[in-house]
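We count ligands from 1, going down the list as the structure has it; atoms in each ligand are counted the same way. Each residue takes its place number in the sequence, starting with 1.
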Amino acid sequence: MELKTFSDHASLSAAAASMIIACVKRCPGALLCLATGDTPKLTYQMVVEYAKQEGISFEKCFFIGLDEWLGIPPENSGSCHYFLHTHIFKPLGIHPSQVYLFDALTRDEEAECEKMNKLIAEKGPVDLMLVGVGMNGHVGFNEPGTGLDTITHVAILDEVTRSVGQKYFQEKVSISKGITVGLKQVMQAKNLLMLANGKKKAPVIQQVVKQEISPKFPATIIRMHQNGILMIDSEAASAL
Ligand code: PGA
């Protein structure tokens, strides 16, 4: 793993956006797996800007969503679906046929997991995966205690994820379950970018970097990834 520290969220986001653009330049048909959340929002905005400035086409790429809140409809502005469409797919003019996102309203959760596993097996490995880090060390909805060999699965969300997750929603929602690409698939990505910014992430990043690599704190797996880059701003780095 490589650790890169930036002065602020804007410079971190610019660097992450440049890496996504470079990946697509190198491999126009790249398979990209993207997280949602406050951390990557600016990165996606910059990807859109750079793509326009440099005339980079994403029309041969394929996108998958890292995770989703089960039971939250796609039109809810707190859903991962809504986030990715708003912040990256629509602004980049991505065609629906280039995207696969979890169906949060599925009646068959197992089948939904299977679809993603099949898709990654057929189109994968993922060329570039961008993830954040939860306050409990989760990656996607791979919550503390998730085995390192897990593939796509339904997760019972832990207390921290349920309470922190309310920030994405305009109304009070019941978020108890999520669906997520598994840690094994995260590790199989050719390039893994893990982003964190802000003071509140400082204790989290300290654990990611210093604690033993363990399912107890899933984000520690970045340290085992051959092409893993942990990108943090100076505030998130302040407890190192
Ligand atoms: P955040 O979420 O980017 O909103 O902090 C990170 C995460 O839970 O993975």
Colleague: Do the charged groups of D149 and K184 touch, with an N to O distance under 4.0 Å?
Modeller: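 No, this pair does not count.
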Colleague: Out of all atoms in ligand 1, which are within 4.0 Å of some heavy atom of G132? Include the element for each.
Modeller: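 Near G132, the atoms of ligand 1 are 9 (O).
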Colleague: N/O of Y168 under 3.5 Å from N/O of ligand 1, yes or no?
Modeller: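 By distance alone, the answer is yes.
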Colleague: When only distance counts, is T36 in polar contact with ligand 1, meaning an N/O pair under 3.5 Å?
Modeller: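 Such a contact does not occur with ligand 1.
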Colleague: Which atoms from ligand 1 have a heavy atom of K167 less than 4.0 Å away?
Modeller: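 So the atoms of ligand 1 that pass are 1 (P), 4 (O), 5 (O).
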Colleague: Using a 4.0 Å cutoff against the non-hydrogen atoms of G134, which atoms of ligand 1 qualify?
Modeller: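 Those of ligand 1 that fall under 4.0 Å from G134 are 7 (C), 8 (O), 9 (O).
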Colleague: For atom 5 (O) of ligand 1, what's the nearest protein heavy-atom neighbour? Residue, atom name and distance, please.
Modeller: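 Looking at atom 5 (O) of ligand 1, the protein heavy atom closest to it is K201 NZ, 2.7 Å.
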Colleague: At less than 4.0 angstrom from any non-hydrogen atom of V133, what atoms of ligand 1 do you find?
Modeller: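 Under 4.0 Å from V133, ligand 1 has these atoms: 6 (C), 7 (C), 9 (O).
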Colleague: Counting only heavy atoms, which portion of V139 has something under 4.0 Å from ligand 1: side chain, backbone, both, or neither?
Modeller: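 It is neither part, as no heavy atom is under 4.0 Å.
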Colleague: Look at K167 together with D38 and state whether they make a salt bridge at an N to O cut-off of under 4.0 Å.
Modeller: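 D38 and K167: salt-bridged.
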Colleague: Tell me yes or no: between the side chains of N76 and E171, is some donor less than 3.5 Å from an acceptor?
Modeller: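 Yes, E171 and N76 have a side-chain donor paired with an acceptor closer than 3.5 Å.
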Colleague: Which pairs would a plain distance check flag for residues 40-55, meaning a side-chain donor or acceptor within less than 3.5 Å of a matching protein atom at least two apart in sequence or in another chain?
Modeller:
{"from": "Y44", "atom 1": "OH", "to": "A35", "atom 2": "N", "distance (Å)": "3.4"}
{"from": "Y44", "atom 1": "OH", "to": "A35", "atom 2": "O", "distance (Å)": "2.6"}
{"from": "E54", "atom 1": "OE1", "to": "K25", "atom 2": "NZ", "distance (Å)": "2.8"}

Colleague: Any side-chain heavy atom of I221 within less than 4.5 Å of one from N142?
Modeller: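 The answer is no; the side chains never approach within 4.5 Å.
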Colleague: Give the atom numbers and elements of ligand 1 that come within less than 4.0 Å of a heavy atom of G37.
Modeller: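 Those atoms are 3 (O), 4 (O).
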Colleague: Between the side chains of K118 and E114, is the shortest nitrogen-to-carboxylate-oxygen separation below 4.0 Å, so that they form an ion pair?
Modeller: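 No salt bridge links E114 with K118.
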Colleague: Which residue holds the protein heavy atom closest to atom 9 (O) of ligand 1, what is that atom called, and what is the gap in Å?
Modeller: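 Protein heavy atom at minimum distance: H138 NE2, 3.5 Å.
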Colleague: Determine whether any heavy atom of M135 lies closer than 4.0 Å to an atom of ligand 1.
Modeller: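 No; M135 lies far enough from ligand 1 that no heavy-atom distance drops under 4.0 Å.
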Colleague: Can you tell me if K41 contacts ligand 1 (heavy atom of the residue under 4.0 Å from the ligand)?
Modeller: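 Flag not set, K41 not near ligand 1.
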